[in-house]
Structures are given as C-alpha cells and as structure tokens.
Colleague: 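I have a structure I would like to understand better, so I am pasting it below and will then ask my questions one at a time.
So that the names make sense, note that chain A is the first sequence line, chain B the second, and so on, each numbered from 1.
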Amino acid sequence: GAVVSQHPSWVICKSGTSVKIECRSLDFQATTMFWYRQFPKQSLMLMATSNEGSKATYEQGVEKDKFLINHASLTLSTLTVTSAHPEDSSFYICSAPFGTENIQYFGAGTRLSVL
Amino acid sequence: SQQGEEDPQALSIQEGENATMNCSYKTSINNLQWYRQNSGRGLVHLILIRSNEREKHSGRLRVTLDTSKKSSSLLITASRAADTASYFCATDPFYTDKLIFGTGTRLQVFP
C-alpha cells in the first residue's frame, strides 16, 4: 500500500522561531501533496496544495509567507512555520493521493506547541 | 463553506451495537470516501463509493450514497471498543483535485 511518513510527530518551540515539518511518500511518487491544520475536536482545514517543482497553492486566508511550502522532489514536501507564535500551535497533517480515484494517504501528523 | 456536514457530531454506544453516521454535501462528485482518525493521529482511508453506486460493503462497514439528496451514510455493525475514533466523510468533486471533508463524527464504543 501507499505509505506517507511525517516528521516530527511532536515539536515544542519558542515564540519567534521557525519550525520545519517534513512529509515523505515512502513507496510512491507524489506530484501533489496537501497540508492541513486541525484544531481539537474539529475537522481538517486545508491550508495549501503542494506541487512538485512549482509554487504551492494556498487556500484563502492562509498566509503564504507564514507557512512556507517546498516540494522539491517527488517524494518530499516540507512545511515551514516561520516566526511561530502561540496561536500557530495546532496539529498539522499532510496527505498525498495515490491511484486513480484520489484516495488520500495521510501522515501521522505533527503536534506543534509554541511557547 | 464547501465543507460537508456530518451528524451526529458525537455518538456513544455499547460494544456489539451498530453505529450509523450521516454525511451531506453540496456539489456534484466523482466519489465519496470515509476516513477514520484515531485521537492524535493521521487519517486512514476506510471505503470509497463511486457516484454511480448506491451501496457498498467492506467487512463490518456498509456505505450508502444518494446523489439526488447529496447524502451518504456509514454503518458500522457489531461495534468494538477498538472502533472508537472520529470518522470523516470526504467528497471528491468534479471541479478540483482536493477532497472536501465533512465536520466529522466522534464515535465512542464502551466495552
């Protein structure tokens, strides 16, 4: 099956620092990956679509300078939360589609806590 | 918002009982999918039903789709404590490659 690995699973950082989260497709190539944010007991909120070799497409209201996305290879997309603040604390999840029917395979998620 | 609506928001049942979750959506779709999320983890794909299908089974899961009403239901039969999780429907619309997720149902199964 298709496996997506996300790292780190948990990170604590000080306010003002930047944090990078990696999303890797381990056994398939992903020209597109998706980044979501999830608040407690809520659904996923799509932040952006990561496109290999080109700029990411951000959803309305998501600051692209705050959440930098790089998709430099067919198996790796990264999300960098720049100058993190406590309000950026959340659960971030990535996914990649595999197959012909747009089934998404998800990473295990990253819990970010900004102090 | 394009987000699908699910009900109930939360459901608590005893082991052995059946659990039914409903999903409504807004646009024409290629397919509708159901995902499960254990607390603090990523989502796992459970089952997909195409727009030209009305019912589909997979193990203890039964999914129905009514495209005229833009609604779907997920039935988990003979539930187990291990089924405790959040369940999300997701539609694959014609107009985009992004999935549109529902609001989710939190299922608690008591042993």
Colleague: Between Y35(B) (side chain only) and Q104(A) (backbone N and O only), is there a donor and an acceptor less than 3.5 Å apart?
Modeller: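 Here the side-chain-to-backbone pair exists.
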Colleague: Hey, which of N30(B), T103(B), D97(B) has the most heavy atom pairs under 4.5 Å with chain A?
Modeller: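 Of the candidates given, the most pairs with chain A belong to D97(B).
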Colleague: Is it true that, when you exclude Q9(B) itself, more than 12 heavy atoms of the residues, nucleotides or ligands shown sit nearer than 6.0 Å to its CD?
Modeller: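 Counting neighbours around CD of Q9(B), 12 or fewer heavy atoms of other residues, nucleotides or ligands fall under 6.0 Å, so no.
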Colleague: Just give me the residue among Q42(A), K41(A), R111(A) that pairs up with chain B most often, heavy atom to heavy atom, under 4.5 Å.
Modeller: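 Most heavy-atom pairs under 4.5 Å with chain B: K41(A).
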Colleague: Is a side-chain N or O of S43(A) found less than 3.5 angstrom from the main chain of G102(B), in a donor-acceptor match?
Modeller: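 Here the side-chain-to-backbone pair exists.
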Colleague: Evaluate the criterion side-chain contact (heavy atoms from CB on, under 4.5 Å) for residue pair L46(A) and K98(B); output intermediate values, then yes/no.
Modeller: CA-CA 9 Å; L46(A) 180 64; K98(B) 299 178 285 191; 3.1 Å; yes
Colleague: Does one hydrophobic cluster hold both L112(A) and F34(A), with members joined at side-chain heavy-atom distances below 4.5 Å?
Modeller: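 In one cluster: no.
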Colleague: Step through the shown structure and confirm whether more than 12 heavy atoms of other residues, nucleotides or ligands are within 6.0 Å of NE2 on H57(B).
Modeller: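 It does: H57(B) NE2 has more than 12 such atoms within range.
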Colleague: In terms of heavy-atom proximity below 4.5 Å to chain B, should I93(A) be classed as side chain, backbone, both, or neither?
Modeller: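 Contact with chain B: side chain only.
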Colleague: Would you mind checking which part of Q6(A) comes under 4.5 Å of any heavy atom in chain B, side chain (CB onward), backbone (N, CA, C, O), both or neither?
Modeller: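 Contact with chain B involves no heavy atom of Q6(A) at all.
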Colleague: Checking Q60(A) against chain B: side chain, backbone, both or neither under 4.5 Å from a heavy atom?
Modeller: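 It is neither, since no heavy atom gets under 4.5 Å.
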Colleague: For R80(B), does the CZ atom sit with more than 12 other heavy atoms under 6.0 Å from it, leaving out its own atoms?
Modeller: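 Result for CZ/R80(B): open.
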Colleague: For R41(B), is it the side chain, the backbone, both, or neither that has a heavy atom closer than 4.5 Å to a heavy atom of chain A?
Modeller: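 Contact with chain A involves both backbone and side-chain atoms of R41(B).
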Colleague: Atom CZ of F106(A) and atom CD of Q37(B): how far apart are they, to the nearest 0.5 Å?
Modeller: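 So the gap between those two atoms works out to 8.5 Å.
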Colleague: Distance check, rounded to the nearest 0.5 Å: L99(B) atom CG versus Y36(A) atom OH?
Modeller: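 One gets 5.5 Å once the value is rounded to the nearest 0.5 Å.
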Colleague: Is there a continuous path of hydrophobic side-chain contacts, each under 4.5 Å between heavy atoms, that joins I100(B) to Y58(A)?
Modeller: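 Result: no, two separate clusters.
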Colleague: Please check this pair: side chain of Q33(B) against backbone of N102(A), looking for a donor-acceptor N/O pair closer than 3.5 Å.
Modeller: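 Yes.
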Colleague: Report yes or no: do I13(B) and L61(B) belong to one cluster of Ile/Leu/Val/Met/Phe/Trp/Tyr joined by side chain heavy-atom distances under 4.5 Å?
Modeller: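 Yes, one cluster joins them.
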Colleague: What part of N31(B) gets closer than 4.5 Å to chain A, counting heavy atoms only: side chain, backbone, both or neither?
Modeller: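 Contact with chain A is through the side chain of N31(B) alone.
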Colleague: Spell out, yes or no, whether V114(A) and L68(A) are grouped together once hydrophobic residues are joined by side-chain heavy atoms under 4.5 Å, including indirect joins.
Modeller: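 No, because V114(A) and L68(A) fall into different hydrophobic clusters, even though each may have its own neighbours under 4.5 Å.
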Colleague: Do Y105(A) and L44(A) sit in the same hydrophobic cluster, where Ile, Leu, Val, Met, Phe, Trp and Tyr count as joined when their side-chain heavy atoms come under 4.5 Å apart?
Modeller: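 Yes, same cluster.
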Colleague: If you count heavy-atom pairs under 4.5 Å between each of A90(B), G40(B), S86(B), G104(B) and chain A, which one has the most?
Modeller: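 Max contact count across the listed options: G40(B).
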Colleague: Need one label for L48(B): side chain, backbone, both or neither, based on atoms under 4.5 Å from any heavy atom in chain A.
Modeller: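 Only the side chain of L48(B) comes within 4.5 Å of chain A.
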